[in-house]
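Because the structure is predicted, anything quoted here is derived from the model rather than measured. All residue numbers refer to positions in the sequence shown, counting from 1.
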Amino acid sequence: EVRLVESGGGLVQAGGSLRLSCEASGVRFADYSIGWFRQAPGKGREGVSCIRDNDETTYYLDSVKGRFTVSSDVTKKKVYLQMNNLKPEDAAVYYCALDLIPGSCRRDSMDDMYDYWGLGTQVTVSS
């Protein structure tokens, strides 16, 4: 059984930083795409970033470029999302997701139909 568990969310002031972690079990990390998504109250889900483990291709939503960094540790089966200079509009529940198709993460876009999802971690940014 594939299981994804996010951690690292919390309350931070605007301009602050958080590092989200996503730990996977029940799956071998290689050749998959891991994505980070977020959903704010009253808004649709949006893809924030993703990483493709076989060649470390990454993608970032325009609004987070230069502020967020995605990385992976294959040995620990973890993916991280370092979020710097957080803004109130970044506040949302953040989810990590795994897709069995590595091509779902591309340099200029990412799919939004991933195979497995975590339960999410709340990020709150105060102004």
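Remark: the backbone N or O of Val70 is paired with a side-chain donor or acceptor of Tyr60 at under 3.5 angstrom. Between the side chain of Glu6 and the main chain of Gly120, a donor-acceptor pair closer than 3.5 Å is present. Under a 3.5 Å cut-off, the side chain of Lys77 and the backbone N or O of Val27 do form a donor-acceptor pair.
Listed by first and then second residue, the salt bridge (charged side-chain N to carboxylate O under 4.0 Å, His left out) pairs that reach into residues 107-127 are Arg106-Asp111, sequence neighbours excluded. Among residues at least two apart or in separate chains, salt bridge (charged side-chain N to carboxylate O under 4.0 Å, His left out) pairs with a member in residues 88-100 are Arg38-Asp90, Arg67-Asp90.
Counted within 6.0 Å of CG on Leu11, heavy atoms from surrounding residues, nucleotides or ligands total more than 12; the atom is thus considered enclosed. When the shell of 6.0 Å around CZ of Arg45 is examined, it contains more than 12 heavy atoms from other residues, nucleotides or ligands.
Taken together through direct or relayed side-chain contacts under 4.5 Å among Ile, Leu, Val, Met, Phe, Trp and Tyr, Leu4 and Leu100 form part of one hydrophobic cluster. In the hydrophobic clustering of this structure, Val5 does not group with Tyr116; members are Ile, Leu, Val, Met, Phe, Trp, Tyr whose side-chain heavy atoms approach within less than 4.5 Å, directly or through other members.
One finds the OG atom of Ser71 at 8.5 Å from the CG atom of Leu81 (value rounded to the nearest 0.5 Å). A distance of 5.5 Å separates OG in Ser17 from CD in Gln82, rounded to the nearest 0.5 Å. The structure places CZ of Arg52 at 12.5 Å from CE of Met110, a figure rounded to the nearest 0.5 Å. Atom CG in Leu98 sits 7.0 Å away from atom OH in Tyr32 (nearest 0.5 Å). Note: Lys87 NZ to Ser63 OG = 7.5 Å, rounded to the nearest 0.5 Å.
Between Tyr95 and Gly118 the shortest heavy-atom distance is CD2-O, 3.6 Å. Of all heavy-atom pairs between Gly47 and Tyr59, the closest is O-CE2, 4.3 Å. For Ser104 against Ile101, the heavy-atom pair with the smallest separation is OG-O, 2.8 Å. When all heavy atoms of Gly35 and Cys50 are compared, the closest pair comes out as CA-CB, 3.9 Å. Here the closest non-hydrogen pair linking Gly103 and Ser33 is N-OG, 4.3 Å. Between Val48 and Tyr94, the shortest heavy-atom distance links the atoms CG2-CE2, 4.3 Å.
When side chains are defined from C-beta on, Met83 counts as touching Val123, because their heavy atoms get closer than 4.5 Å. By the 4.5 Å heavy-atom criterion applied to side chains, Trp36 and Cys22 are counted as neighbours. Contact annotation: the side chain of Cys96 never approaches that of Tyr114 to less than 4.5 Å [non-hydrogen atoms, C-beta and beyond].
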Check the pair Thr121 / Leu20 against side chain to side chain contact (heavy atoms under 4.5 Å, CB included), numbers first and verdict last. CA-CA 8 Å; Thr121 185; Leu20 304 183; 3.9 Å; yes
Stepwise side chain to side chain contact (heavy atoms under 4.5 Å, CB included) check, Val79 with Ile51: CA-CA 8 Å; Val79 173; Ile51 185 166; 4.1 Å; yes
Just do the side chain to side chain contact (heavy atoms under 4.5 Å, CB included) check on Phe68 and Leu86 with the steps written out, would you? CA-CA 9 Å; Phe68 289 13; Leu86 282 160; 3.9 Å; yes
Evaluate the criterion side chain to side chain contact (heavy atoms under 4.5 Å, CB included) for residue pair Glu46 and Leu61; output intermediate values, then yes/no. CA-CA 9 Å; Glu46 63 179 352; Leu61 185 68; 3.6 Å; yes
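The distance between the ring centers of Phe37 and Trp117 falls below 6.0 angstrom.
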